[in-house]
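In what follows, a structure is listed as structure tokens, so that the remarks can point back to it.
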Amino acid sequence: MNDLQHEFEQAATDIKRLGERPDNDTLLRLYALYKQGLDGDVHGAQPGFFDFIGTAKQEAWALLKGMSQDDAMRQYISLVRQLLP
């Protein structure tokens, strides 16, 4: 495992220590960056029509299409660091 992957995994662990829940836009950004960093471009079946949360998550992830996994990891790490006290 390289240093970037290690920092990414550590950030994913650290985010669980947040004192208060971030706003929905920040949560979607965290989700999208995490998924792009972990899995690359969006894939899989689209959520059902009435799955509004799942749809919002998939749309946020789809906006990052083409971003490299390394860039997504770096941005995720940076955002987590901004949110932590």
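- Within a 6.0 Å sphere centred on CD of Gln46, other residues, nucleotides and ligands contribute 12 heavy atoms or fewer.
- In this structure, Asp39 CG and Gln69 CD are separated by 7.5 Å, a value rounded to the nearest 0.5 Å.
- Leu63 and Leu38 are assigned to two separate hydrophobic clusters, defined by single-linkage of ILVMFWY side chains at heavy-atom distances under 4.5 Å.
- Counting all heavy atoms, side chain and backbone alike, Phe8 lies closest to Ile77 at N-CD1, 3.5 Å.
- Between Met67 and Leu33, the closest side-chain pair of non-hydrogen atoms falls below 4.5 Å.
- In this structure, CZ in Arg29 is found 12.0 Å from CG in Leu83, a value given to the nearest 0.5 Å.
- For the 3.5 Å distance criterion, the side chains of Gln75 and Asp71 fail to qualify, holding no donor opposite an acceptor.
- Two different hydrophobic clusters hold Leu28 and Ile53 under the rule that ILVMFWY side chains link at heavy-atom gaps under 4.5 Å.
- Within the model, atoms OG of Ser78 and CE of Met73 stand 15.0 Å from one another, a figure rounded to the nearest 0.5 Å.
- Going from atom CD of Gln10 over to atom CG of Asp3 covers 12.5 Å, rounded to the nearest 0.5 Å.
- Here Asp14 contributes atom CG and Lys16 contributes atom NZ; the two are 10.0 Å apart, rounded to the nearest 0.5 Å.
- Residue Leu27 is not grouped with residue Val42 when hydrophobic side chains (ILVMFWY) are merged at heavy-atom distances under 4.5 angstrom, including chains of intermediate members.
- Residues Asp41 and Trp61 approach most closely at O-CZ2, 3.9 Å, considering heavy atoms.
- Going from atom OH of Tyr34 over to atom CG of Leu79 covers 14.5 Å, rounded to the nearest 0.5 Å.
- Shortest non-hydrogen contact noted between Leu4 and Asn2 is N-OD1, 3.0 Å.
- The two residues Ala12 and Ile15 come nearest to each other via the heavy atoms O-CG2, 3.2 Å.
- A heavy-atom distance below 4.5 Å is not found between the side chains of Val80 and Leu18.
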